[in-house]
Colleague: 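Below you'll find the structure I mean.
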Number of protein chains: 2
Amino acid sequence: MPETKARYRIGDLVRAFDVTPRTLRYYEELGLLRPERRGQQRYYSDRDRVRLRLILRGRRLGFSLEEIAKILELYDHDRSGKTQIREVLRMGERKLKEIEAQIEELKNLKAEIEERARELRRLLEE
Amino acid sequence: MPETKARYRIGDLVRAFDVTPRTLRYYEELGLLRPERRGQQRYYSDRDRVRLRLILRGRRLGFSLEEIAKILELYDHDRSGKTQIREVLRMGERKLKEIEAQIEELKNLKAEIEERARELRRLLEE
DNA sequence: CCTTACCTTTACGTTAACGTCAAGTCGCGG
DNA sequence: CCGCGACTTGACGTTAACGTAAAGGTAAGG
């Protein structure tokens, strides 16, 4: 295991993920990110990077930041008790069910649009 | 083909789809629904019902009402020219691509959560 | 004719997720 | 020491998608 001690400044992440500084500070305000402070500057770790990737993916998928926070709890096991872990796990299972349902609904929508497209093409040939 | 001439009042749809009247009027304001008027009352057709189902599904999937409006154009072919139809079709194809991409991302997220859950379970057995 | 349920329009309020200034700080190359 | 670029903290503004309250219309049953 290599000691990856990379620290990113806010501008680095801004460029890497195409977001604004405001967005990153807002996510911190919500507790989704917890960069270190050297003086008054923020320094983000690889852990923050991973979390940010997850946040942005969740956002693209239509999840609210509140829902995303729930998912991120899966990565917040800082020596918490077994009971805590078990609870987080249960929540994870629930989220998985929701995601599977969402996949199903997307497939339905896809089928519906494909059907409609077929009708329109038929209509084009008069 | 049976002549289905059902008309629904706003309260009917409210109960059937668990939304508020405000929501239905808002969707009308955006042009997503176009109920008839008898006097000043709204009367929704089966077409409106179908569209509402699609709208709500889209919403659950994280689409904005603007995006949903695009999808609904697939059902707005009121004797429009072939060029129009072709354009709508192309847009439909684009949306399909997006939906497929979204399905893929959901599968990735699912895999990621499952992996994390495995780690947590391993951690439970100390 | 009166009540009651259901509907109407108008209009201001709310929440999430940031955008957009303004004004100050920090470290470094020249 | 000075300026510059990157950063900071407020704090008010904005947009989508409705919520909500006020004030009034309408049709049917008793």
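Every chain is numbered from 1, with letters handed out A, B, ... down the list of sequences. In this text, all values refer to a predicted model and were calculated from it rather than measured experimentally.
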Colleague: Which nucleotide, D:dA17, D:dT8, C:dA17, lies nearest any side-chain atom of B:Ser64?
Modeller: D:dA17
Colleague: Do B:Arg22 and D:dT20 share a donor-acceptor pair, side chain to base, under 3.5 Å?
Modeller: yes
Colleague: Is any side-chain nitrogen or oxygen of A:Thr23 closer than 4.0 Å to OP1 or OP2 of C:dA17?
Modeller: no
Colleague: Looking at B:Arg42 and B:Pro35, would you say the former's side chain and the latter's main chain have a donor-acceptor pair under 3.5 Å?
Modeller: no
Colleague: Look at the side chain of B:Arg9 and decide which nucleotide, out of D:dC7, C:dT8, C:dC7, has an atom nearest to it.
Modeller: C:dC7
Colleague: Identify whether A:Ile99 and A:Leu89 are in the same connected component of the hydrophobic contact network (ILVMFWY, side-chain heavy atoms under 4.5 Å).
Modeller: yes
Colleague: Rounded to the nearest angstrom, tell me the gap between atom OH in B:Tyr43 and atom P in C:dT8.
Modeller: 9 Å
Colleague: In this structure, how many angstroms lie between the P atom of C:dT15 and the CD atom of A:Glu29, rounded?
Modeller: 16 Å
Colleague: Would you check if A:Phe63 and A:Arg57 make a side-chain contact, meaning some heavy-atom pair closer than 4.5 Å?
Modeller: no
Colleague: Closer than 4.0 Å, any side-chain N/O of A:Arg25 to the OP1 or OP2 of C:dC18?
Modeller: no
Colleague: Within the structure shown, what part of the strands sits under 4.0 Å from B:Leu30 by heavy-atom distance: base, sugar-phosphate, or nothing?
Modeller: nothing
Colleague: Rounded to the nearest Å, what distance is computed from the OH atom of residue B:Tyr44 to the P atom of nucleotide C:dC7?
Modeller: 10 Å
Colleague: With sugar-phosphate meaning primed atoms plus P, OP1 and OP2, does A:Tyr27 contact a base, only sugar-phosphate, or nothing at under 4.0 Å between heavy atoms?
Modeller: sugar-phosphate
Colleague: Could you report the tightest heavy-atom contact between A:Gln40 and A:Arg37, atom names first, then the distance?
Modeller: O-NH1, 3.2 Å
Colleague: If you find the nucleotide of DNA chain D closest to B:Gln40 and the one closest to A:Gln40, which residue's nucleotide is nearer the 5' end?
Modeller: A:Gln40
Colleague: How do A:Gln41 and A:Tyr26 order along DNA chain C: which one's closest nucleotide is nearer the 5' end?
Modeller: A:Tyr26
Colleague: Using OP1 and OP2 only, check whether a side-chain N or O of A:Arg38 sits under 4.0 Å from D:dT8.
Modeller: no
Colleague: Please determine whether a side-chain nitrogen or oxygen atom of A:Arg42 lies at a distance below 4.0 Å from atom OP1 or OP2 of D:dC7.
Modeller: no
Colleague: Are there more than 12 heavy atoms of other residues, nucleotides or ligands under 6.0 Å from atom CZ of A:Arg53?
Modeller: no
Colleague: Counting the atoms with a prime plus P, OP1 and OP2 as sugar-phosphate, which does A:Gly39 contact under 4.0 Å by heavy atoms, base, sugar-phosphate, or nothing?
Modeller: nothing
